[in-house]
Amino acid sequence: MAFLKGKRAVIVGLASNRSIAWGIAQALRNEGAELAFSYQNSKLQGRVEKMAGELGSDIAAPMDVAEDHEINKFFKDLRKTWEEFDILVHSVAFAPSDQLEGRYLDSINREGFRVAHEISSYSLSALAKTARPMMSNRNGAILTMSYLGAVRALPSYNVMGPAKASLEASVRFLALDLGSEGIRVNAISAGPIRTLAASGVKGLRQMMKKTSEMSPLKRNVTIKDVGSAAAFLCSDLAAGVTGQVLYVDAGYNIVGMNFD
Ligand SMILES: NC(=O)c1ccc[n+]([C@@H]2O[C@H](COP(=O)([O-])OP(=O)(O)OC[C@H]3O[C@@H](n4cnc5c(N)ncnc54)[C@H](O)[C@@H]3O)[C@@H](O)[C@H]2O)c1
């Protein structure tokens, strides 16, 4: 049964075939959803258009989430093709590279904090605000991507931890605000996966090694694992679920200690 048949989904955050957004887009498509994509800038245009085509979509347009006018233009233009849509996937994060290495206090500064929070957290609310008229009263679902650094301190992740904490709080406030319009808002907290963004975090290799050693499932997760969970959360199968953070991390977050 294709449980997303008849649903339309906007995917924000596709950069490569390693992107979590790619795993999500594939899973949504497999379940019958129609897809539209944004790309951050012209450098990504060709690649995103090609990947969109592979999933039967001819909708791909630019949107830098740092720019309100680009967000407005994306949804205004989309409206010419889709009057309304059902699913918004936000799979976007950024911090300047000097923020993601070394000790927390040595790396953090005002500008790094501002950029990380604006791009990785505020952008979810900015997209929700603009997309809202197109998603209201049709059992809509908004999904974003978080990481364990939102709730636990760990090396190198630094300012992205507070930014993800802000993102997860935004999920709860958006869920409360949009529930009356039938829009659910959730996050997936994924385990480490080698993507372009994750490669910017110093120590990714060690993070992945620890996860595979310590997690109950004794492995790292894949974009397919995340995509499958995303398809569920964005579907009517999850009609009673909102404001939640679902861990797709091979169970790493629940472990207090192990003797392996
Ligand atoms: N890879 C991991 O280990 C991991 C784990 C947990 C959560 N996440 C989260 O998953 C999400 C997707 O990251 P990914 O790992 O797939 O990496 P990725 O590099 O494939 O995707 C990051 C995306 O963010 C986009 N982006 C950055 N700044 C932008 C801007 N100003 N405007 C528009 N788009 C912008 C990039 O274009 C890219 O498409 C992020 O929120 C990340 O924090 C990743």
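When a ligand or atom number is given, it counts from 1 through the structure's own listing order.
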Discussion item. What I'd like to find out is whether the side chain of Phe113 reaches to under 4.5 Å of the side chain of Ile108, using heavy atoms alone.
Written reply: yes
Please determine whether a side-chain nitrogen of the Lys or Arg among Asp225 and Arg219 lies less than 4.0 Å from a carboxylate oxygen of the Asp or Glu. yes
Test side chain to side chain donor-acceptor pair (under 3.5 Å), reference Glu84, set Arg8, Arg138, Arg79, output is Arg138
Q. Is any side-chain heavy atom of Trp22 closer than 4.5 Å to a side-chain heavy atom of Gln26?
A. yes
Pocket residues around ligand 1 (non-hydrogen, under 4.0 Å) come out as Gly13, Leu14, Ala15, Ser19, Ile20, Gln40, Leu44, Met63, Asp64, Val65, Ser91, Val92, Ala93, Phe94, Ile119, Met145, Ser146, Tyr147, Lys164, Ala190, Gly191, Pro192, Ile193, Thr195, Leu196, Ala197, Ala198
Can you tell if the side chain of Ile87 reaches within under 4.5 Å of the side chain of Val10, non-hydrogen atoms only? no
Enumerate, atom names and distances included, each donor-acceptor pair closer than 3.5 Å involving a side-chain atom of residues 190-204, sequence neighbours excluded.
| from | atom 1 | to | atom 2 | distance (Å) |
| --- | --- | --- | --- | --- |
| Thr195 | OG1 | Ala198 | N | 3.1 |
| Ser199 | OG | Thr195 | O | 2.7 |

